[in-house]
Trainee: 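Sharing a structure, written as structure tokens. Questions coming.
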Amino acid sequence: MEENRIRTRLMDVTSIAARFCAVAEQTSDFTVLEFIKEMLSLLPRIYLDFSDPDLDLGDNDEYFSTYVDEDYYDSIRRRIEMLLGEHDVFLETFEEDMKYSDTPVAASISESLADLFQVLYNFVAIVRETDGDSLEGAYMECRENFAAYWSQTLCNVMRALNHLRYNVSFED
């Protein structure tokens, strides 16, 4: 019974990750405000899904290929950058270099979202390519990377998108 519940939860996680990837791939189909709202609805759910203690399945010992090459990553980043225009840059307060700098460190929403796209697309692609047989291993690899580096990226870009959502007026 427990195994079925976990598998169902992992399929839900995969569905949310796939939705994030689809939105990133179809950026040009959205207005700026629609895109921001969609990202702000997905990012908190992704954070919760990859930090859920009930889904801590232990260590991953599988090796998985990557599916996002540099050109694909850059095409996603450029689409988001074009949509956001002048609103793509935000001040990064958690950057390690910030401690040693007299000037603010700028970050890019499009690059942050492309970074998230890369790990989530790889996760979804592994699940798809293995017909779900590697679901647990792919999730655990993604979760380990979440804890190591991309959770902070997610939080930072969510803060920047939140600022745009509630402090900038967009013409739709």
Side-chain angles (χ1 to χ4, degrees), residues 6 8-57 66-68 72-96 98 104-128 135 138-170 172:
I6 288 174
T8 299
R9 274 288 289 123
L10 290 175
M11 292 306 294
D12 291 343
V13 171
T14 306
S15 177
I16 294 296
R19 176 67 186 152
F20 173 89
C21 293
V23 170
E25 289 173 320
Q26 299 161 359
T27 299
S28 58
D29 294 345
F30 293 91
T31 66
V32 177
L33 190 54
E34 288 170 340
F35 179 78
I36 290 169
K37 286 179 181 179
E38 189 69 26
M39 284 293 152
L40 286 173
S41 75
L42 293 168
L43 292 172
R45 293 158 68 188
I46 292 167
Y47 185 91
L48 290 172
D49 285 341
F50 283 95
S51 62
D52 186 347
D54 290 340
L55 291 178
D56 187 355
L57 307 175
T66 60
Y67 293 83
V68 178
Y72 194 33
Y73 171 95
D74 203 46
S75 73
I76 295 295
R77 184 197 57 75
R78 277 193 320 271
R79 285 182 221 165
I80 297 169
E81 180 183 46
M82 287 178 58
L83 179 68
L84 296 175
E86 67 186 74
H87 302 291
D88 185 46
V89 177
F90 66 99
L91 295 180
E92 179 54 83
T93 57
F94 287 103
E95 179 66 38
E96 188 66 27
M98 194 66 177
V105 176
S108 162
I109 292 172
S110 59
E111 187 171 340
S112 297
L113 291 176
D115 288 348
L116 298 176
F117 173 83
Q118 184 172 23
V119 295
L120 293 172
Y121 186 91
N122 284 335
F123 165 64
V124 171
I126 292 164
V127 173
R128 186 178 329 127
L135 177 59
Y139 172 81
M140 287 312 297
E141 178 179 72
C142 201
R143 181 185 172 109
E144 290 165 7
N145 291 332
F146 171 82
Y149 68 91
W150 67 268
S151 61
Q152 188 66 59
T153 301
L154 186 150
C155 290
N156 294 348
V157 76
M158 196 163 59
R159 181 179 52 82
L161 289 168
N162 182 71
H163 172 78
L164 293 178
R165 168 72 176 95
Y166 294 106
N167 296 292
V168 177
S169 179
F170 296 99
D172 282 342

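If you're wondering where the values come from, they're calculated on a predicted model, not measured in any experiment. Both backbone and side-chain heavy atoms feed into the values below; hydrogens, waters and symmetry mates do not. Nothing fancy with the numbering, it's 1 onward along the sequence.
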Trainee: Can you label the angle between the Tyr139 ring and the Phe123 ring as parallel, tilted or perpendicular, going by 30° and 60°?
Mentor: perpendicular
Trainee: Any chance you could measure Cys21, atom SG, to Ile16, atom CD1, to the nearest 0.5 Å?
Mentor: 11.5 Å
Trainee: Can you name the salt bridge (charged side-chain N to carboxylate O under 4.0 Å, His left out) partners of Glu81, sequence neighbours left out?
Mentor: Arg77
Trainee: Does Cys142 offer a backbone N or O that forms a donor-acceptor pair with the side chain of Trp150 under 3.5 Å?
Mentor: yes
Trainee: Under the side chain to side chain contact (heavy atoms under 4.5 Å, CB included) rule, what do Val23 and Phe35 come out as? Steps first, then yes or no, please.
Mentor: CA-CA 8 Å; Val23 170; Phe35 179 78; 3.9 Å; yes
Trainee: Indicate whether any N or O donor in one side chain lies under 3.5 Å from an N or O acceptor in the other, for Asp88 and Ser108.
Mentor: yes
Trainee: By the side chain to side chain donor-acceptor pair (under 3.5 Å) test, which pairs, at least two apart or in different chains, include something from residues 43-52?
Mentor: Arg9-Asp49, Arg9-Asp52
Trainee: Any idea which heavy atoms bring Val32 and Phe170 closest together, and the distance?
Mentor: CG1-CE2, 3.4 Å
Trainee: Going by atom types only, do Gln118 and Asn122 share a side-chain donor-acceptor pair under 3.5 Å?
Mentor: no
Trainee: Do you know which of Leu83, Leu164, Val89, Ile36 makes side chain to side chain contact (heavy atoms under 4.5 Å, CB included) with Ile109?
Mentor: Leu164
Trainee: Run the numbers on Asn156 and Gln152 for side-chain hydrogen bond (donor to acceptor under 3.5 Å, both in side chains), then give the verdict.
Mentor: CA-CA 6 Å; Asn156 294 348; Gln152 188 66 59; 2.9 Å; yes
Trainee: Output the distance between atom CZ (Arg79) and atom CG (Leu113), rounded to the nearest 0.5 Å.
Mentor: 13.5 Å
Trainee: Quick check on ring pair (Phe, Tyr, Trp, His ring centres under 6.0 Å): which of Phe20, Tyr72, Tyr67, Tyr73 does Phe117 satisfy it with?
Mentor: Tyr72
Trainee: My understanding is that only residues two or more places apart in sequence, or in another chain, count here; which of them pass salt bridge (charged side-chain N to carboxylate O under 4.0 Å, His left out) with Arg19?
Mentor: Glu38
